[in-house]
Amino acid sequence: MASGSVVGFVGLDDISLELATSLLHSGYSVQAFEAGSPLVDKFLKLGGKVCANATEATKDCYGTNFVVDIYVSKAVSEVLNDKTMIISSGSLESIARAQPILSAMCSKLYNFEGEVGAGSKAKMVIELLEGIHSVASVEAICLGAQAGIHPWILYDIISNAAGNSWVFKNSLPQLLRGNQTKHLFLNLFIQNLGNVLDMAKSHKFAVPLLTVAHQQLIAGILLCISFTGSSHPQQQTDDDSTLLKVWESLLGVNLADAVNSKSYNPEELASQITSQSDTVKRIGFIGLGAMGFGMATHLLKSNFCVNGYDVYPPSLSRFADAGGLTGSTPAEASQDVDVLIVMVTNELQAESVLYGDQGAVSALPSGASVILSSTVSPSFVSQLEKRLQSDPKKLKLVDSPVSGGVKRAADGTLTIMASGTDEALKHTGSVLAAMSEKLYIIRGSCGAASVVKMVNQLLAGVHIASAAEALAFGARLGLNTRLLFDVIAHSGGTSWMFENRGPHMIESDYTPLSALDIFVKDLGIVSREGSSCRVPLHIANIAHQLFLSGSSAGWGRLDDAAVVKVYETLSGVKVEGKLPVLNKESVLQSLPPEWPADPINEIRTLTDNSLKTLIVLDDDPTGTQTVHDVEVLTEWSIESLIEEFKKRPKCFFILTNSRALTSEKASALIADICRNIDSAAKSVEKADYTVVLRGDSTLRGHFPEEADAAVSVLGEMDAWIICPFFLQGGRYTIGDIHYVADSDRLVPAGETEFAKDAAFGYKSSNLREWVEEKTKGHRPASSVSSISIQLLRKGGPDAVCEHLCNLQKGSTCIVNAASERDMAVFAAGMIQAELKGKNFLCRTAASFVSTRVGIVQKSPILPIDIGVKRERNGGLIVVGSYVPKTTKQVEELKLQYGHVLKTIEISVNKVAMESLERREEEINRAAEMADVYLRNNKDTLIMTSRELITGKTPSESLEINFKVSSALVEIVRRITTRPRYILAKGGITSSDLATKALEAKRAKIVGQALAGIPLWQLGPESRHPEVPYIVFPGNVGESQALAEVVKSWAHPGRLSTKEILQEAEKRRYAVGAFNVYNLEGVEAVIAAAEEENSPAILQIHPSALKEGGVPLVACCISAAEQASVPITVHFDHGNSKQELLEVLEMGFDSLMVDGSHLPFKDNVTYTKYISSLAHSKKMLVEAELGRLSGTEDDLTVEDYEAKLTDINQAQEFIDSTAIDALAVCIGNVHGKYPPSGPNLRLDLLKDLCGLCSKKGVHVVLHGASGLSKEIIEECIKLGVRKFNVNTEVRKAYMDALNSSPNKKDLIHVMASAKESMKAVIAEKMRLFGSAGKAC
């Protein structure tokens, strides 16, 4: 933090001194007021300032106008052991302002947004758990001791098992040793728990477990008084020898004698037994449920012959497929076995399979041993041993309950507690050792091991129930339960079951990993054995009642974490703790300032020095979202890769499209590509590389399978880097949580639609937890390292380098980032580490790639930037993505452009679910329609129907996706028309179209069409070389983004006459307006214009309109729309009001109001009226002032009627009529000029052009036929921007007709006439200077 910020303390104790020390080390100025504390001297030596009073201590302090409540404690977890932890609460603004100071004071900060007091409330929840766990620990150890198990053996086993808690592990030894411990100051403890009870009461929340624990502790106080004879127990209860007596008296157990009795080491005993164990050849196994199946199959892998039985036939089939033998009855599975393992649910089932109809005992051979691994009561085991010993076959029993879960069962890493005779244990030792990672031999008769398991289950059950009580209480207090869970996990309130089952409760995920009814059974055993041993188990019995309540409510088959639903039902709260949706602006503003120096130049320098090429294996084409001027390959032959390496590029992409494949195929593909990369690199001198697995920024894709495949070829990396930050897509990673921006909100990724993906769904938003989830626990969240935003922004690239260099080889590291600067700091640090010899495998989104090679973003690419101007054909838009964002974007596109866009919807049902014939019909229909639309200059949208059809499994869903994608590929493949551009929506869609439909082997990434939307130009080998190819990700952009891109890239449409003349004015040339009368004339103008790349005006005279009518106008408009150069349609010489009113509705772009035959005032009135109407339709209006002589289309004006334009009248005329163009009379004529040639008043033209230029009016000259090149050029120089041409074109047409007597077919006559006119028109375009000016 910046120096100069002052923090004040009022009061100094050990904790506040430690906080002050941290602040001083972080560069803060710290001042404090303390009256007489011995810590003052220490504070002064550290550099603090001592104040005379409290007021002085607050002077000039940072942030004295906001309030944040904090609770400070020492974390007790392995990760944060004895480090300072702060829980803060307050308004979002206050927390944001306090964040720098709070972060500087602690190793772990938890911010609860809202009212102050969250820290105190969280402390109460922790105390609730500590109270329950304290009493439960004593109940458990007393029950075990009363049943004959040494307390220290119970402690050693359970502290490493599911029944462990922080209180059990850390406080119980103090109690057993009789040492003094601050934790168990009964009086203070009771007082604190009383406060918690008061809080629960005020919130009308029932806390039965805490209530019982509190009552037990009160009873202890009373006993303390009786032991000491003092009426002031607070003076006498700090002695744990007294506390030990209290518990002995309360529970009726002589715990001191049990503690002092001789002990032994159960693991050493197990080692002795297994080293002397007999050889076992054949095993019977009864009970192939979730646990039993794993245990039995692991025994098969350990080379035992196993004969299995289960009442559920599919389990038998699965076991047979795994290589096991199967029996149809328990007796059949028990024939000729050395050892029989029974792994059933309860005592009733054990009794049935052993002694029921066709039971196992009847078939067991003499001397066989039975291993009972079910959780049953010790008394049942004792009775069973007696029955087996009395059997003439001398059967042996090993009491062997197991713990560890399904996965450990399959891996052979269970924890097993075993008891029995030495003979039985030696006979079964090799089997027990094969199934276990930890094996404990418990001395005593059969039943002793079940006592240990029972005690473990007592604690495990209480801890699940207490977790439910704590989290539900926290929810009632208004705390964020997800944050609360993290706080508790680092506190003295944690337990193994809390950390394991708490997430189930927070996620409301009750998928039965261990059913609630199991604890109804197990705690029932505890209750009965407690009664039998005469040990009162108040906590355990209340927990049992809670599980019974859950079972009676119908939740018995749900996961045991569903006991929380009992609390939810009673109190009306919801424990589910989804990560909060945050305000984006507030969160970003709360972060520390960015690293001050932009590392981009450093990155470029380091990249040049490293000589490493960044090779991006892109699982769909959208990964090119942030780069430009980079190659992308769609095939990866060694030859192609060698060619690319020889170019020495900083970066290139390989499009794998592996997201469209199954996991197995994706892994094989990545391994194959990596082999080729490695071979190619070895073939090119000094070629080196770093591989990036570019994946989806919303965490979908084949992770960790692709990373594992790469490592299998390239070798183990120093670390895997996980970095899904993608600014353009609104993906941020803050506090290890990955967020997806939605407008002004930050939504945790696990709560978005992307997390529900049928093939790649996930639950975790925390990237550490996401890694654990996706790796199925092989890379635990606790092992995942993290580069925080604080490290990036305070430590810079050097701190990043140091962090990466200190990682354990083969580890995983996630990267937090909230800005491009954060990404650049990380990239610079990573390159430094690479230069020091470190090798990384990166799984990242698009932002990392551009930053890693020092690419600076540039503005979105427009058609004009890459030479795409007015190509005639329409653009092709193909939508295959199904994410809701895409559907919204398509709806917006159709809403904005549906009136001009041609839409072809592909039935997903027909192409993916119905017959091949129906599929083929649908594909052909779409391709044929698209060809027609594109040829007719229509932008065409091909989209799959929006109903999402998924399979029953991820593999089936991928297969459906493949069928849909392949149908789109086939449609595009069959389209023969070259589109102006192609836009593919969706990652898989864009990849398949590029590689399969368009046959592109490489492309150049030009840039982006819009932020986060790549634009490629296809390679020369593709079907459409250099066609712009827009790769539009399915999950990028706001709802209007697709419409915005289409608008930018769609055919620009026809320019208006006004725009054409404005462009002519700007570039100082003139545009020809050519009178047309029929199709040949129209085609002649269009052909000449396209050949000369010139704008032009199709002009219709009233007489031509009279003959051709509306069809002639429609022909002109259609031709103009289809043209690849700017063409407009103009109505000339409208001298009839009625005619002009009709013309206004025909679709002309412009018209001429010809009132030249009228007196000036009438001309003004007439022109003004029509001008007003035409402008309302955005039409250009031309008018004539003066009158031309001559003949045009049978309209003759005699010389005596001709009149030059009056310069004085012209100004009034323009001002009064608001016309856009003025046709001037300067001696020009319609038709042929006299033999003496034209006699134009160029001086008058100069004056008129000057006036019109000031008024923003274009000058038009009629009668351009017959004017010399010199006159034309002078007129253009003076300011004429439109020439009307008719006579010479008409003459060319007539001459062609007269010279074609030998042409017998009308088609030939038309073609000849068209060519003749085209030649004249083209010559005029060159003369007017418009050739080559089309835009």
Side-chain angles (χ1 to χ4, degrees), residues 899-900 1052-1066 1070-1073 1075 1095-1102 1105 1110 1113-1114 1116-1117 1120-1121 1126-1186 1205-1206 1209-1225 1248-1262 1279-1284 1335:
H899 59 292
V900 295
R1054 293 196 296 126
L1055 295 178
S1056 67
T1057 306
K1058 189 170 189 176
E1059 289 171 322
I1060 286 178
L1061 295 182
Q1062 285 173 340
E1063 186 67 18
E1065 179 66 39
K1066 185 166 67 174
V1071 179
N1075 283 44
I1097 299 171
L1098 296 171
Q1099 193 159 270
I1100 298 177
H1101 193 273
L1105 179 63
V1110 173
V1113 179
C1116 291
I1117 293 173
E1121 289 176 343
I1127 304 289
T1128 63
V1129 185
H1130 178 78
F1131 182 69
D1132 194 29
H1133 285 291
N1135 55 17
S1136 162
K1137 181 186 290 186
Q1138 185 59 41
E1139 184 177 53
L1140 282 171
L1141 291 175
E1142 293 177 6
V1143 163
L1144 287 170
E1145 305 302 324
M1146 290 183 182
F1148 283 95
D1149 298 293
S1150 52
L1151 54 79
M1152 177 188 178
V1153 184
D1154 187 1
S1156 60
H1157 60 289
L1158 300 173
F1160 178 72
K1161 293 295 183 183
D1162 293 344
N1163 188 1
V1164 168
T1165 302
Y1166 173 53
T1167 302
K1168 181 179 180 180
Y1169 174 70
I1170 298 299
S1171 178
S1172 175
L1173 295 175
H1175 284 158
S1176 70
K1177 295 181 177 293
K1178 302 187 184 315
M1179 296 171 67
L1180 175 140
V1181 177
E1182 175 188 336
E1184 187 172 15
L1185 187 60
T1205 302
D1206 186 324
Q1209 286 183 332
Q1211 180 166 339
E1212 182 182 350
F1213 186 75
I1214 291 170
D1215 291 341
S1216 300
T1217 60
I1219 59 171
D1220 305 292
L1222 179 65
V1224 298
C1225 302
L1248 289 169
C1249 286
L1251 172 66
C1252 289
S1253 178
K1254 292 177 182 178
K1255 299 292 184 180
V1257 171
H1258 303 290
V1259 177
V1260 180
L1261 195 67
H1262 290 215
V1280 173
R1281 296 294 168 249
K1282 174 175 177 268
F1283 285 107
N1284 283 16
C1335 57

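- A donor-acceptor pair under 3.5 Å links the side-chain atoms of Asn1163 to the main chain of Gly1155, judged by distance alone.
- Ser1136 pairs by the side chain to side chain contact (heavy atoms under 4.5 Å, CB included) definition with Gln1138, Glu1139, not counting sequence neighbours.
- Atom CG of Leu1248 sits about 9.0 Å away from atom CG of Asp1206, to the nearest 0.5 Å.
- At least one donor-acceptor pair closer than 3.5 Å links the side chain of Ser1176 to the backbone N or O of Leu1173.
- Taking every heavy atom of both residues into account, His1175 and Ala1218 meet most closely at CE1-O, 2.8 Å.
- Across every non-hydrogen atom of Ser1150 and His1130, the tightest pair is OG-ND1, 2.7 Å.
- Between Val1260 and the choices Lys1282, Met1152, Arg1281, the side chain to side chain contact (heavy atoms under 4.5 Å, CB included) rule is met once, by Lys1282.
- By the salt bridge (Lys or Arg N to Asp or Glu O under 4.0 Å) test, Asp1215 pairs with Lys1255, sequence neighbours left out.
- When all heavy atoms are compared, the tightest approach of Ala1096 to Val1071 is CA-CG1, 4.0 Å.
- Not counting sequence neighbours, the partners of Gln1062 by the side chain to side chain contact (heavy atoms under 4.5 Å, CB included) test are Lys1058, Glu1059, His1258.
- Partners of Phe1160 by side chain to side chain contact (heavy atoms under 4.5 Å, CB included), not counting sequence neighbours, listed by chain and number: Val1164, Leu1185, Gln1209, Glu1212, Phe1213.
- Residues satisfying the side chain to side chain donor-acceptor pair (under 3.5 Å) test with Thr1128, not counting sequence neighbours, are Thr1057.
- The minimum heavy-atom distance between Gly1134 and Leu1140, with the atom names listed, is O-CD1, 3.3 Å.
- Donor-acceptor pairing under 3.5 Å is lacking for the side chains of His1262 and Glu1184.
- A tilted orientation is assigned to the rings of His1133 and His1101, their planes being inclined by 30° to 60°.
- A distance of 5.5 Å separates CG of Leu1055 from CD1 of Ile1060, quoted to the nearest 0.5 Å.
- When the side chain to side chain contact (heavy atoms under 4.5 Å, CB included) test is applied to Ala1174, the partners found at least two apart in sequence or on another chain are Leu1144, Leu1151, Met1179, Val1181.
- Expressed to the nearest 0.5 Å, how far CG of Leu1098 lies from CZ of Phe1148 amounts to 10.0 Å.
- Residues Ile1100 and Cys1116 come closest through the heavy atom pair CD1-SG, 3.8 Å.
- Without hydrogens or angle criteria, Ser1171 side chain to Thr1217 main chain gives a donor-acceptor distance under 3.5 Å.
- Between the side chain of Asp1149 and the backbone N or O of Val1129 there is at least one donor-acceptor pair closer than 3.5 Å.
- Taking Lys1178 as the reference, nothing meets the salt bridge (Lys or Arg N to Asp or Glu O under 4.0 Å) condition, with sequence neighbours excluded.
- The shortest heavy-atom contact between Ala1210 and Thr1205 is CB-CG2, 4.5 Å.
- For the pair Met1146 and Leu1105, the minimum side-chain heavy-atom distance is below 4.5 Å.
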